[in-house]
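Heads up, the thing below is written out as structure tokens.
A quick note: this is a predicted structure, and the numbers were derived from the prediction, not measured. In what follows, every chain begins at residue 1, and chains take the letters A, B, ... in the order their sequences are listed.
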2 protein chains.
Amino acid sequence: MKYQKIPEATIRRLSRYSRCLEVMEQAGEEVVSSAQLANRCMVNAAQVRKDLAYFGEFGIRGVGYYVKDLFNDIKKILGSNKEWRMAVIGIGNLGSALLSYKDFLKQNYKIVAAFDIDPPQVIGRVSEKLGKPVEVLHINRLKEVAKERRIEIGLITTPPSEAQAVADLLVEAEVRGILNFAPTQIVVPEGFVAKDVFFTTILDNLAYLLSNN
Amino acid sequence: MKYQKIPEATIRRLSRYSRCLEVMEQAGEEVVSSAQLANRCMVNAAQVRKDLAYFGEFGIRGVGYYVKDLFNDIKKILGSNKEWRMAVIGIGNLGSALLSYKDFLKQNYKIVAAFDIDPPQVIGRVSEKLGKPVEVLHINRLKEVAKERRIEIGLITTPPSEAQAVADLLVEAEVRGILNFAPTQIVVPEGFVAKDVFFTTILDNLAYLLSNN
DNA sequence: CAAATTTTGTGAAAGGAGTCACAAAATTGA
DNA sequence: TCAATTTTGTGACTCCTTTCACAAAATTTG
Ligand SMILES: NC(=O)c1ccc[n+]([C@@H]2O[C@H](COP(=O)([O-])OP(=O)(O)OC[C@H]3O[C@@H](n4cnc5c(N)ncnc54)[C@H](O)[C@@H]3O)[C@@H](O)[C@H]2O)c1
Ligand SMILES: NC(=O)c1ccc[n+]([C@@H]2O[C@H](COP(=O)([O-])OP(=O)(O)OC[C@H]3O[C@@H](n4cnc5c(N)ncnc54)[C@H](O)[C@@H]3O)[C@@H](O)[C@H]2O)c1
């Protein structure tokens, strides 16, 4: 398993394989071939094997892969075998939706804190829909609470004008991962990771495909 | 402008250029070089020129690009110069958030209908936050209303178990574009375009980067 | 007006990612 | 036990994307 640069596309596919394997495991399937898995994920069978080959040998020739083992191995590769502790910052429309997103629970992503800036109708409110309710705190407690609750990922759902400032706070609080939903490109120092999710870029993409087909 | 297959990455970047140019235009900047634009969008200058070259010649040698013209040209390329009429299906947490997403208005994406399945607390409710309020209708009116309101894109925010069925309804209603937020892979016939947005795949990606840096 | 400067557009080179094809390993069955 | 079968892991090949590098075009300056 010597080091090599792993294509980002490979990581995205591993995530898909993982979701497929989860379904298969629940369905009681024990063994799967690269061809079957590829089929389900709409990719090439060699692609599946290549993707896995970056990280080692997981299959048995003539047999395939043990669903349960491969599922665990991929989770280990992705780092999704551990529980990730997250905070949501900006509890408006989207932030509230994320707070009650059930799939985060099923997967290993857990929202353990929520922050907003002052609006009295929000601060102190408790999101009850999740397993454990989360109280919305004032943003000025971010640093303190981030340490206390060992927050590792921050989800930014503030207006775009505030997004970079919030990111800076997260960096200061040593929250190393940021997922930003505001339509602004977030910049973070070396050692931190920020990903932007641009809804309108996705729509622009769709619009292009619709216009040209 | 002879035909060539356009890389999807190019389309994504064009969308980014477009957003940058919008900001520049508002800031009153008149001319921009490929190097400047590249810098802002964190890409290579030759990349900017190559991306544009797929669609024609838009610059003036020795000068650069006229911000306003390039902005318009890119919008024309992307098909985002026209207004796109959208429906949201599944008015729960995420669906409601999308209904009040202001940037859709600023961009040229307009939500003109909302559908849910029966829960009395939702049907008939009106989202007031947008420019024009949108009444939530029962899903069984989808086909009829889609025609009437000339809906071109459907945003699926139902539980994953319902997502494919809803997609089938959209296809039947001849809504050609689908953006699916449920964690299921949507399949549509030739001539339709469906994109899935998997939140946990994005998080898996982040988790991987955090685990390996 | 011509030389110097700027910056585009693009062919060629380099670099990555995906697919093919087959030897190697494991299993099955006679 | 050994041939037939299955399916992995991987080198080689193809295809696609990005970057480089420079001629061509426009502008500016002396
Ligand atoms: N609504 C959507 O469906 C949607 C979709 C995609 C992206 N987005 C983006 O997500 C962000 C939030 O959208 P929204 O519709 O939920 O907006 P919103 O106005 O409903 O919510 C924003 C929240 O952020 C809080 N806030 C503002 N400044 C803050 C700060 N410095 N620190 C902490 N909290 C702060 C506000 O009090 C508010 O509660 C926006 O950037 C938007 O562009 C929204
Ligand atoms: N909440 C989030 O932040 C979030 C984030 C990413 C993805 N998602 C996904 O988006 C989807 C919606 O999430 P949510 O949290 O809003 O769930 P939700 O349960 O709050 O909302 C789902 C809505 O869909 C409606 N519905 C169910 N079946 C329907 C049908 N056949 N036709 C029309 N409407 C129907 C329900 O009545 C409900 O109002 C889920 O698939 C979820 O996995 C949610």
Open item on the list: Just to be sure I understand the rule, does B/T10 reach a base, reach only the sugar-phosphate, or reach nothing, if contact means heavy atoms closer than 4.0 Å?
Closed with: nothing

Open item on the list: Please report the distance, rounded to the nearest Å, between CE in B/M42 and P in D/dT18.
Closed with: 16 Å

Task: Separation of atom CZ in B/R49 from atom P in D/dT19, rounded to whole Å - done: 12 Å

- [ ] Round to the nearest Å and state the distance from A/E8 atom CD to D/dC16 atom P.
- [x] 21 Å

- [ ] Mind calculating the distance between CG (B/N44) and C1' (D/dC20) to the nearest angstrom?
- [x] 9 Å

- [ ] Return the value, rounded to whole Å, for the distance between atom CZ of B/R13 and atom C1' of D/dC16.
- [x] 12 Å

Open item on the list: Testing the 3.5 Å rule here: is there a donor-acceptor pair between the side chains of A/T10 and A/D51?
Closed with: yes

Open item on the list: Can you work out whether B/K50 or B/S33 has the more 5'-proximal nearest nucleotide on DNA chain C?
Closed with: B/S33

Open item on the list: Ignoring hydrogens, what is the shortest heavy-atom contact between A/A163 and A/I156? Give both atom names and the distance.
Closed with: O-CD1, 3.7 Å

TODO: Kindly state whether the ring of B/F181 and the ring of A/F199 have centres lying under 6.0 angstrom apart.
DONE: yes

Task: Pairs satisfying side-chain hydrogen bond (donor to acceptor under 3.5 Å, both in side chains), at least one member in residues 145-160 of chain B, at least two apart - done: B/K82-B/E152

Open item on the list: Rounding to an integer number of Å, can you tell me how far A/Q47 CD sits from D/dT14 P?
Closed with: 18 Å

Open item on the list: Using the side chain to side chain contact (heavy atoms under 4.5 Å, CB included) definition, which of the options A/V63, A/L37, A/N39 pairs with A/V32?
Closed with: A/L37

Open item on the list: Could you tell me the boundaries of the chain B footprint on DNA chain C, defined by atoms under 4.0 Å from its heavy atoms?
Closed with: C/dT6 to C/dA12

Open item on the list: Just the rounded figure in Å: distance from P of D/dT18 to OH of B/Y54.
Closed with: 7 Å

